[in-house]
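Structure first, commentary second.
Order of the sequence lines sets the chain letters (A, B, ...), proteins ahead of strands, with each chain counted from 1. Just so it is clear, the model here is predicted, and its values are computed rather than measured.
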Amino acid sequence: MAAVSAPLQSEPGLVARLMGRPTSGIGLIVLVLIALAALLAPWIAPYAPAKLSVAHRLEPPTLQHLFGTDDLGRDVFSRMLYAARASLSVALAVVVFSSIVGIVLGLTAGFFKKLDTPVSRLVDAMMAFPDILLAIALVAALGPTAVNVVMALGIVYAPRLARVVRASTLVIRELPYVEAARALGVPTPVILVRHVLRNVASPILVQGTFIFANAILAEAGLSFLGVGISPDIPTWGTMIAVGRQYMDQAGWIMMFPGAAIVITVLALQLVGDSLRDLLDPRLAKDI
Amino acid sequence: DPVKGGVIDVATVGEPPTLDPMASTADLVGIVTQHIFETLYTFGKDWAVTPLLAADMPQISADGLTYTIPLRTGIKFHDGSDMDSADVVASLERWEKIATRGKQAAEVIAGIEAPDANSVKITLKKPYAPLLSLLAFNNAAAIIIPSENAGEDPLTKFIGTGPYMLKDRKPDQFIQLARFDGYKSRDGESNFYGGARKQYLDEIRFVPVPDPNTRVEGAVAGQFAYADALPVEAYDKISGGKTKPVILKPFGWPVFVMNTKEGLNSDIRIRKAVQAALAPNDMLTAAFGSTDFFAVDGSMYPEGFAWHNIVGIDAYKPDGDTEAAAALLKEAGYDGSKPLRILTSRQYEFHYKMAQVAQAYLEQAGFKVKLDVVEWATLTKNRQDPKLWDIYITHSPFLPEPSLNGFMSDTTPGWWATDAKHKAVEAFNAESDPAKRAKLYEDVQKVIYDEAPIYKVGDFNALAAQAPNLEGVTPAPWPFFWNAWLEK
Amino acid sequence: MDRRTETKPLLVVEGLTKHFPARNGRIVHAVEDVSFEVKRGSTVGLVGESGSGKTTAGRAVLRLIEPTAGKALFDGVDLFSLSAAEMRAYRRKLQIVFQDPFSSLNPRLRVAAILGEALDACGFPRGKARRERVAELLTLVGLSPDHATRYPHEFSGGQRQRIGIARALAVEPEFVVADEPVSALDVSVQAQVLNLLGELQKKLGLTLLFIAHDLSVVEYLCDEVVVLYLGRVMERGPSKLVYAAPRHPYTKALLATAPVPDPTRRRTHVALTGDIPSPIAPPSGCVFRTRCPEAIAACAETIPPVVEIGNGHHVACIRHDERA
Amino acid sequence: MLRSILNRLFGMIAVMALVVTIVFVIVRVTPGDPAAVMLGPDATAADVAALRSRLGLDQPMVVQFGRYVLGVVQGDFGQSIFLNQPVTTALAQRAEPTFFLTVFSLLIATVIALPVGILSAYKRGSAFDQAATTLAMFAASVPSFWLGLLFIQFFAVKLGWFDTSGYGGPGASFLDRLNHLVLPALALGLVSSALITRFARASMLDVLNDDYVRTARSKGMSEWRVVLKHALKNALIPILTVIGLTAALLISGAVVTETVFGLPGVGSLVVSAVLRRDYPVIQGALLVIAGLYVLVNFAIDMLYLAIDPRVRY
Amino acid sequence: MSETLAADTILSVRDLKTWFVTRRVIAKAVDGVTFDLKRGETLAVVGESGSGKSVTSLSVMGLLSRPGRIEGGNILFRDRAGKVHDLATFGPADFRKIRGREIAMIFQEPMTSLNPLYTVGDQIGEMIALHEKVSREEKRKRALEMLKHVEIPDAASRLDDYPHQMSGGMRQRVMIAMALACNPSLLIADEPTTALDVTIQAQILDLLRRLQQQFGMSILFITHNLGVVAEIAHNVVVMYAGRVVEQAPVNDLFAHQRHPYTKGLLACTPNAGRDIDATGERRALYSIPGSVPPITALPPGCAFEPRCDFAIPPCKAAPPPLMPAGSDGFSRCIRSAEL
Ligand SMILES: Nc1ncnc2c1ncn2[C@@H]1O[C@H](COP(=O)(O)OP(=O)(O)OP(=O)(O)O)[C@@H](O)[C@H]1O
Ligand SMILES: Nc1ncnc2c1ncn2[C@@H]1O[C@H](COP(=O)(O)OP(=O)(O)OP(=O)(O)O)[C@@H](O)[C@H]1O
Ligand SMILES: [Mg+2]
Ligand SMILES: [Mg+2]
């Protein structure tokens, strides 16, 4: 009811509102920069990521090598740009994959009463597996390729989304506008998409941001453990794993990718948090 | 001066898959179990075979077919029983059946018997020079266990005659060995693995620490008296204070094994192209950092070994010969469509690093390269299948007996089996005079370089860390801690 | 008599019953054996306290929930016996307007799309004709055609309720259930919406089932009234008769307790004591007897039948004739 | 009351059954033949076939599943290929460090997170709140293994306060073992405290807006009493849930942390089992951990019952 | 204390301004509210949703949530000892002494206003224990007594019930019992019957009236239902968009409205006697055109001017002051005399 207070004001766009808050504004800018860096890696990177120069191994940061060189004399900065591509695209793929699975499961459980119990139990059971552990087991079973890592993490995160979607669907299903659509004889699939899915978009977006962040961390963890995507594709996680051996001679190899993870994940969380504030009416209710 | 007492923690590269040294060729199994179990022979200085449980070197018949081995008396097993020839025969028969090296020997062994309680007799089908070395080895080892346990497979009672006995084992946590008070040492001086074995330490604990950096940090923090197999990068780190570096020089050699049976490398011209393309200098630098830890060396055995020679090694190009490689490729009609598959793992980081450098050089020469990076377990499985790879990367310590190297057999992955090889190897194996064998080995090395069934990258040293107060440890590829003591 | 009351009923509801499953295998008797008629072009009011089953009855008639038992003859066709596909064809003849003007409109759709969905449902072609139809509908409910491009949150409660009404009217229904369409609105806006409904009914010849708990609104708007209590009909009949001479103790109590904006007519006593019993375990016999000031022992024994006492006035009370 | 306990018990059993099924499926999707893996590279086809039939791998899937379930029900998770001991024994031997690591991290996380979360919510929008939220978010952004590495580098190697790895030798005192747990528990606990803080804050915020909190204030109660007696108790339910969830997350965090710190726990067992292709161990560990998670959830449900009278239907 | 308070007046709100100030907007939720409440009487505050009724009552209780703040005006309150306080200047600690003991409050939503985790006995007992030193048994006894006062059947057995085990009407009774437990001199009731059914509403109103006679407290009764006002109030304050537009004794107000808004409100409630003619044909209801403007965008003049049938150009210029109107009332309309 409190939403009545300002019904006549038209709202500015979501991005504008995110930019309007200092935290999410910074987060968004950082994310855009990182995404640009990843996208433009081939043009920005001063060296080819795999270009080795054994004579110049373990050189500290200089003007030639902004972030120094690694154990094979490769340019850490260039590799980080390419690693951003891999890490971000894996994480993004995880978000997409888990969203699809989660949305299907959540909508099914939430909208079709008969399927609720079985699907929810399945989701509960899937939730019972700790993320990295399940991912490790799946990757171990399927083999450490990018596709399998994405699938494994996707399966790990899908139930979370499924729960969110289910919870929202349960609410939306009972809302009068859905009933109005039913009263008009609108077919169920159309109702699902036009009314339900559209309105669970906000929680999915919020959750998706957090899954993105978690997926980056999880992928790094998997790579660190050596069960991530193929090690000849640089990711931040594999870079840390390599850099670990040179922690005190050549700390930069490990510090820069670690910092990249922290910054990216932090930015995502800042944005996600603001998104939740802006999109979740429960929390937005009194201001 | 040596003092009795004390407990040491030894950080090892992981948990040994088994404590039955017959069942595995893993170095780690040998390192741990050599304290518990003993063999008839072992290696003394300069890798000369020397008796351990045997009283003396065997009497070999003139035709080289009968070995009569006298046994020491008064030797007790950890369970208190006495060792006699029946135990030895039962143990050796088990070895023939179970151990990789035992199976190898079984092909030439006609029979093993005990003429009396204190000697055994081994009859051969044909003269076989490597036999004593095989008996002396500490992995897939011909250990002597009580005859009543010899029927066990897998072994569950770890009863040996060694200076230390198994007290407790918590997989992935520790293997605890305690001094065996009934141990009877040989008299006289210690002689590398042989000679007298002194039991100064009360307990030796092997702690599996699979992560090399954790081993380094543990050593630096003073947690381990000895930490095995450290990354060479850690040298500076372990050089101060609570621990000090131990370099075993030379330790072994990294090797690229080529699949001579199927795929690209079944064509000798391609193999020669690989041989020409690779640049060991950069590969070793990437893998081991400074020349303190490696040597660019084409000889199959480095200087200091009886087997050292330089025959054939001009095919070994320290900085690679890209043009020659490209020419060879062209001659072979390689069009760059089929990738050269390099199977490697990151279990040993230096394998992977060499692979990466190798890839760069091979690509320069015109190869299309695909790195297939898998877990070690997968690698050991996949290398069995000739369809899956063209090169796989491994390494080996310098084995005291050249015929123990895998590629010397026709059946190990790589499947190198040519007439030239057979001719050289058979001559080598049949000869028992060491001096003549060294000469014959030149031929073997020549065939290896001519046919390129393997590519030896170079020599590398092993780095370990040792507490400053730990004394009496002889640098060895498989470190042992009898004879060691803790300075007060 | 009003001209409208003479025409034959458009909707006849007979023995409508709806049970919901409750926890532990019990059931909620939301609607029990409810019968009433709605004549073409007339307005029937459904009144009762919260939980008496008004909404459930309304939704069941439209088969938005599946009824447990009963019949709903719409123009002679039993809606409850239709297959899902057959029902879809009927949907556009029967529409509903909801109570809450905020949750009854999808916040992510523009007004044009909300109305468009309704137009889709009756196969209205896209394009210019549709835009004109949307404008026409908006004008009909007193909004301006350029409101079509706005989102629901850009409207006030009363305006949203108008959009809800426009959506219901878009398919040109014959029968509309209005479930407390004004309860959530401010008093000053409530009158606007009531006037609109009245006008539209006249103009379009709508038949209306008007659900409300505000007795004065029902008295004003409805030709007939059905009083529900715990899912059962207590009394029904032409509004005039029921309001002027209620024959059921419950109706009397309702009318007596409804606050009237006139300080000079303050009540002196409370007619009803106690709470409404749970619909999971309704009292035996007459469901109202636990609160009825006139209850006697016999009330607990039989469920009083709904009997006609003349002029379409029906009562379900075994003592109704004692008070006649 | 009893009825709802039984209800939940039934739900839990259903979930457990699904968990067992999922684990079974995961292991069965593994390409390759477990028997071949067990016997190692040199095994002959005949040996593999013999082992297959000994393990029942030649039976139809349904039969295999039945046997597997039967085994699990009896607490038999099979035999570790690598360790040559029952999986249950292997797990039991490694339970202790994982248990203490989890408990301590959870303790650290909760002790930090609860007060901070509550205060943050109470002082919503204040400098404290902003600092706390930002810090929590920062903590949640740090990969725990990276933090662990930094900790080792600083506290163990540079300062030498703690051991870098392991869990003490045989017969080490409990205190000595504690010493080994401090850094990993801290690394893990700090990262997890973030989640709990944010959740505690959110649920407190929710509750602080509730009507009965206003009622409590209108009674003339002191603020801390309003917050601790009326608000916190209501917020506790979602907070408990997230603490339970965190316990599960911690186990998964333990996988990486144990590896970094060389703790011989269930986590590092799983990692090495993966590298060793020791499928029965992976299977068993997954099952036990998922089972624990389900149990924890059940326990939390029971706590709900104890705390919230409304749940007793 | 510069302000004086007539001896029979317990609460006097004078030109109260309570604003919600955020970075983006200033919401003047209450902007000029003035009324007096006499001892032992009931003052009803009516107004549509959002008109500032709750904010007014929360200002009196000091329960405003951020970013709400009293920006001006006085809230004079006479305590039991006869001392006059200006609540607008109170800090949290001062309020704690007043709340519960001097001023108690009940709320609109009986469903959510009680803490679901404590028994009703505990919650009533807590109120007593907060303000008086009582033993455990004493507390329980007093709680039971209060439950009996509010006519909960079988009170002894309901004492240990949890709120969810009670119906809405019961819960509202419990709220009242709790509010009156320490015998406050002022009870603020914020729409206490809005969420209830008519039959239950009648019971609660009856109960309040009876308790007022018994305990002698004054009641500030907030509602938007004019019927309820007629039922319970002695005096009435009508609010629109954060301002008092009219104040009058209840009979005067219903007899003759001195503000077009009040007039409109009364006219637009359907009344069959008035709106349906003899032939059964219903007349269109009177309706106030337009809708309530958002408080963040009020017109510069009279807030009701855009919807007012009586508006004249001067209405647009400046907000009219609250002027005496009728015998004992006030109106914020410059044309009140003409109505
Ligand atoms: N989906 C449902 N599941 C279970 N019970 C239900 C459901 N919908 C309604 N009920 C129950 O059925 C009874 C009748 O509810 P209904 O909503 O029809 O009442 P109502 O008269 O419309 O009340 P209100 O005036 O509050 O809108 C109530 O007791 C309600 O709790
Ligand atoms: N915390 C807040 N922040 C900003 N504005 C607020 C806040 N609380 C109330 N308001 C605004 O103050 C105005 C008055 O609100 P109030 O709750 O007093 O209305 P009311 O008359 O009690 O209405 P109702 O009948 O709906 O209870 C409303 O416009 C509301 O939006
Ligand atoms: Mg309803
Ligand atoms: Mg209010």
Checking heavy atoms, do the side chain of D:Phe138, its backbone, both or neither come under 4.5 Å from chain A? both
Is the D:Phe65 ring parallel, tilted or perpendicular to the D:Phe24 ring (thresholds 30°, 60°)? perpendicular
Answer yes or no: is there a side-chain heavy-atom contact under 4.5 Å between A:Ile253 and A:Met239? no
Please rank A:Val262, A:Val265, A:Asp273 by heavy-atom pairs under 4.5 Å with chain D and give me the top one. A:Val262
Between A:Ile240, A:Thr117, A:Leu134, the one whose heavy-atom pairs under 4.5 Å with chain D are most numerous: A:Ile240
Toward chain A, the part of D:Val270 with a non-hydrogen atom under 4.5 Å: side chain
Counterpart residues, salt bridge (Lys or Arg N to Asp or Glu O under 4.0 Å), relative to A:Asp124 (two or more places apart): A:Arg163
D:Ala273 versus chain A, heavy atoms under 4.5 Å apart: side chain, backbone, both or neither? neither
Those residues that, when tested against A:Leu205, pass side-chain contact (heavy atoms from CB on, under 4.5 Å) (two or more places apart): A:Leu14, A:Leu275, A:Leu279
Using a cut-off of under 4.5 Å on heavy-atom pairs, state which of A:Ile136, A:Leu268, A:Leu222 scores highest against chain D. A:Ile136
Look only at the side chain of D:Arg94 and the backbone of D:Ala90, and say whether a donor-acceptor pair between them is shorter than 3.5 Å. yes
Any side-chain heavy atom of A:Asp70 sitting closer than 4.5 Å to one from A:Leu58? no
For D:Val271, which atoms come within 4.5 Å of any heavy atom of chain A: side chain, backbone, both, or neither? side chain
State plainly whether the residues D:Arg214 and D:Asp211 are in salt-bridge range, i.e. N to O under 4.0 Å. yes
Max heavy-atom pair count under 4.5 Å with chain A, selected residue of D:Leu250, D:Ile282, D:Leu286: D:Leu286
Which residue out of D:Gly11, D:Ala254, D:Ala14 racks up the most heavy-atom pairs below 4.5 Å with chain A? D:Gly11
With distance as the sole test, does A:Thr238 use its side chain to make a donor-acceptor pair with the main-chain N or O of A:Thr235 at under 3.5 Å? yes
Can you check whether anything in residues 209-220 of chain A gets within less than 4.5 Å of chain D, heavy-atom wise, and list it by number? A:Phe210, A:Leu217, A:Ala220
Between A:Leu270 and chain D, with a heavy-atom cut-off of 4.5 Å, which part of the residue counts as in contact: side chain, backbone, both or neither? both
Between D:Thr21, D:Val294, D:Val260, which residue shows the highest count of heavy-atom pairs closer than 4.5 Å to chain A? D:Val260
Does the side chain of A:Val119 come within less than 4.5 Å of A:Phe112's, by heavy atoms? no
Under a 4.0 Å N-O cut-off, is there an ion pair linking D:Arg124 with D:Asp129? no
Is it the backbone or the side chain of A:Val139 that comes under 4.5 Å from a heavy atom of chain D, or both, or neither? neither
Tell me whether the rings of D:Phe151 and D:Phe155 are parallel (<30°), tilted (30 to 60°) or perpendicular (>60°). perpendicular
Can you pull the side-chain hydrogen bond (donor to acceptor under 3.5 Å, both in side chains) pairs that have at least one residue in residues 139-154 of chain A, sequence neighbours excluded? A:Thr145-A:Asn148
